[in-house]
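Positions are given from 1, in the same order as the sequence printed here.
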Amino acid sequence: MLICTVGIPLGLYYGLRGPLGTLWALIISGVPALLHVAYVAIRQRKIDILGSLIVVAFVVSGVISIVTGDVRAAILRDSAVTATVSLLFFVTLIPIRNKWIRNFPLTYLMGCQIFYDAMPPYHWYDPHGVRHQLPLSDFLWNYISQVRVGHRLITFGWFFCLMGEFVARVVMVEATTLTAEQIINYGNIIVGAVTGVMTASTIIISIKVRQATIAWIKENDHTRKFASPPSDA
């Protein structure tokens, strides 16, 4: 679940970074995701891609935190977490499908955990009167092409913007004479811009997906025709 693989690790990291320091915060934060990956591998005989990537992210960030020391390097260290999260978005765009791994765009996985999986299955009748039923997440992914395209675009957008933020910080640290305070301030402005752009893009794409879903249902769902009770003779 996203709570174990993303929510708890990030909450622990940002909560413990102040009192314990970055290194210990990274070590402790990676434990829940690692335990979840092990549980899925042993009990379900599958590889939890997202959990595995989170563990790798904390390991990489921990290594960077060990080998860096000054303030400007610390800025790069914190930005490395952003770069790693960006790569998480990118890796989930790789269409891997086998009995161990089913890879989907990260925003789709988040949507499943937060919204789709909590909804009842969707059922409908086709033009021939055959009843179909699927979990809502599977129905949307398999039948609404705009859902697939939309989540891929949003996931790629987050990858591109977050990686751009990381590159911008690297350039400011390594190729300019900006002070650490200036770099932090400019970095916060970039983060705000990225969040604003991606939030607006997500809303626009979500509206388009909703419109496409409604159009598909109107055209292909014949439940009213075949599931309505027979009229009295």
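The distance from atom CZ of Phe166 to atom CG of Leu87, rounded to the nearest 0.5 Å, is 9.0 Å. Of the inter-residue distances, the one linking Thr223 atom OG1 with Ile217 atom CD1 reads 9.0 Å to the nearest 0.5 angstrom. Taking CD1 of Ile203 as the reference point, atom OG1 of Thr199 lies at 6.5 Å (rounded to 0.5 Å). The structure places OG1 of Thr155 at 9.0 Å from CE of Met110, a figure rounded to the nearest 0.5 Å. For the atom pair CD1 (Ile154) and OH (Tyr108), the distance works out to 13.5 Å, reported to the nearest 0.5 Å. Here Ile183 contributes atom CD1 and Ile190 contributes atom CD1; the two are 10.5 Å apart, rounded to the nearest 0.5 Å.
Side-chain contact check for Asn220 and Tyr125: no donor-acceptor pair (N or O, by modelled atom type) lies under 3.5 Å.
The cluster map of Ile, Leu, Val, Met, Phe, Trp and Tyr, joined by side-chain heavy atoms under 4.5 Å apart, puts Leu134 and Phe115 in the same cluster. One hydrophobic cluster holds both Val171 and Ile189 under the rule that ILVMFWY side chains link at heavy-atom gaps under 4.5 Å. Cluster annotation: Ile207 is not connected to Val147 through the hydrophobic network of ILVMFWY side chains, with a link wherever side-chain heavy atoms come within less than 4.5 Å. Connection of Leu140 to Ile204 is not established within any shared hydrophobic cluster, with ILVMFWY side chains joined at heavy-atom distances below 4.5 Å, either directly or through further cluster members.
Between His151 and Tyr116, the two ring planes are perpendicular [angle over 60°; tilted spans 30° to 60°]. Between Phe160 and Phe156, the ring-plane angle classifies as parallel under the 30° and 60° cut-offs.
Using modelled atom types, one side-chain atom of Gln182 and one backbone atom of Thr179 make a donor-acceptor pair closer than 3.5 Å. Between the side chain of Asn103 and the backbone N or O of Pro95, no donor-acceptor pair lies under 3.5 Å.
The local environment of OH in Tyr122 is crowded, with over 12 non-hydrogen atoms from other residues, nucleotides or ligands closer than 6.0 Å.
For an aromatic pair to be called close, the ring centres must be under 6.0 Å apart, and Phe90 with Phe159 satisfies this. Remark: aromatic rings of Trp124 and Phe226 are distant, center separation not under 6.0 Å.
Pairs passing the side-chain hydrogen bond (donor to acceptor under 3.5 Å, both in side chains) check and including a residue from residues 132-150, sequence neighbours excluded, read Asp126-His132, Arg131-Gln133.
Of all the heavy atoms in Leu106 and Thr92, the pair that sits closest is N-OG1, 3.0 Å. When all heavy atoms are compared, the tightest approach of Cys161 to Met198 is SG-SD, 3.9 Å. The minimum heavy-atom distance between Leu136 and Pro120, with the atom names listed, is CB-O, 4.1 Å.
Paired with Ile205 under the rule side-chain contact (heavy atoms from CB on, under 4.5 Å), one option of Leu153, Val149, Thr107 passes, and it is Leu153.
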